[in-house]
Amino acid sequence: MRRLFALRLSGLLHTAVIVAAIAIAGFSNAAELESQPQRGTPHRSIPPRGDWIEKSYDVTSVIQRIASEDGVSTEEAIVRCRTLLKFLANQGRPLPTSDEKESDPSIRSNTEERSATVTITPNNDAWQLDLWAPEAAHAQAQHLLQAWAIGGLRQIIIDARIVTSNHKLEDLAGIQWTSLMRARAASSHGSLSDELRLVPTEENAPSISAKAAVEESLPVLISHLNAEEHRRFVNAAQPNKGTNVITAPQVTMFNGQYAEVTDLVQRPYVTAVGFTDEGVQAPQIDLFDDGLRLAFEPQITSDGTATNLVSHVALTNIDDVKTVTANLRGQKATVQSPKVSSVRIDISAEIPHGQALLACVPPTHDRRDYTYVILMTKLLPVGTGWNKSSAE
């Protein structure tokens with residue numbers, strides 16, 4: 001059964017597909033979005049520094065699922081579970097500080113990095129996993145173990161394409177939409193005092209925060225495509241003038257794992273001017289994203305026929321840059337005000353393997369192009385990437 005699941009993004013929007021068209025700025029009527037867009041529900045793979053703690057988990061159902069689905073012994077299933085979980089828990093681990101090295105003798109060993117430890121031992125008729133890692137790694141581990149108990153330790157290929165066009169490609173490809181959904185912009189009905197969270201500055205210098213934002217309520221069209229419909233749509237997009245196709249690199253990942261793909265440039269702009277102790281102007285520079293950002297988190301269904309995919313797509317484009325000049329302490333000072341448009345689409349959906357999900361944001365207001373997102377998932381054969389002798 002094809003289903004679209006509700007996705008909650010930052011506590012603001014509650015729809016199966018969440019789209020935000022945003023323009024934020026400093027001095028102009030519209031412009032820059034935050035240089036680090038907010039993520040949806042996917043868990044981060046790289047845990048931040050935090051307290052290292054040990055917790056225990058019952059992984060009996062996980063071990064049984066891996067052994068049954070992969071056709072391996074219980075011992076091999078334990079090795080696979082322990083190996084992958086340790087790798088993901090240690091992924092991107094930060095170096096310890098000097099204070100941590102002084103307080104923890106285990107760090108003052110031959111290795112410079114602190115490493116998470118994973119052990120799996122029998123506990124009566126069950127299997128118990130003990131994980132020593134940062135708190136954030138435990139949150140990730142809980143999510144992964146839950147996904148593995150449901151869908152096993154399989155690998156998934158995710159294929160994503162983003163198409164912008166001034167043509168209705170669905171008509172050219174002969175595709176019918178199956179759902180028309182809405183994504184309402186976040187309204188700000190809170191107290192004005194909630195926004196006044198400025199940080200005190202040194203020497204009684206003023207602290208200022210200002211931005212202009214334009215938010216739209218956007219319709220979203222949805223359709224599931226079989227292999228033939230997917231081929232027709234891709235072919236319809238290729239030869240058209242005014243159509244831009246972005247094919248993201250195929251992402252291969254384990255069930256429940258989080259992955260992020262970026263194809264963007266961070267462009268520097270002088271957005272403010274300060275002064276040194278000698279009274280010399282000191283430009284202050286901010287970086288703005290220009291390009292594509294993707295994030296995925298898949299979970300295979302219990303019958304293995306589909307993947308529940310949480311995906312995040314953010315397209316940002318620097319449309320224009322204006323300058324503002326003022327007399328500052330008797331000197332002329334000029335800053336830049338970039339105008340950046342953004343379309344953000346967050347989708348949580350069940351996609352049958354071998355099929356594709358097509359979402360479209362049609363032109364509204366000042367936007368002239370159709371924005372299409374095509375997502376397809378494919379399962380790799382059972383046991384791909386594992387050496388069956390790894391338990392020896």
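Because only heavy atoms are used, hydrogens play no part in the values below, and waters and symmetry mates are left out as well, while side chains stay in.
Classification of D369 and R367 as a salt-bridged pair fails, no side-chain N sitting under 4.0 Å from a carboxylate O. By the 4.0 Å N-to-carboxylate-O rule, D290 lies close enough to R267 to be salt-bridged with it. Using a cut-off of 4.0 Å between Lys/Arg side-chain N and Asp/Glu carboxylate O, D70 and R80 are scored as salt-bridged.
Interatomic distance, I285 CD1 to Q336 CD, rounded to the nearest 0.5 Å: 8.5 Å. Atom-to-atom distance recorded for Y370:OH and C360:SG is 7.5 Å, nearest 0.5 angstrom. For the atom pair NZ of K86 and CG of N90, the computed distance is 6.5 Å after rounding to the nearest 0.5 Å. The structure places CG of D58 at 10.0 Å from CG of L145, a figure rounded to the nearest 0.5 Å. With rounding to the nearest 0.5 Å, the separation of CD in E260 from CZ in R293 is 5.5 Å. For the atom pair R82 CZ and T117 OG1, the distance stands at 11.5 Å (nearest 0.5 Å).
By the 6.0 Å and 45° rule, R154 does not stack over the aromatic ring of F254.
Between T377 and P298, every side-chain heavy-atom pair lies at or beyond the 4.5 Å cut-off. A 4.5 Å side-chain heavy-atom check between E350 and T301 finds at least one atom pair inside the cut-off. The shortest distance between side-chain heavy atoms of I120 and V59 falls below 4.5 Å.
Considering every non-hydrogen atom in both L264 and G291, the closest pair reads CB-CA, 3.7 Å.
Around the CD atom of Q176, the shell of radius 6.0 Å holds no more than 12 heavy atoms that belong to other residues, nucleotides or ligands.
Between W52 and W132, the angle of the ring planes lies from 30° to 60°, which puts this pair in the tilted group.
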Quiz item: Do H138 and Y57 pass the side chain to side chain donor-acceptor pair (under 3.5 Å) test, and can you show the C-alpha distance, the side-chain angles, and the key distance before you say yes or no?
Solution: CA-CA 10 Å; H138 282 279; Y57 303 92; 2.7 Å; yes
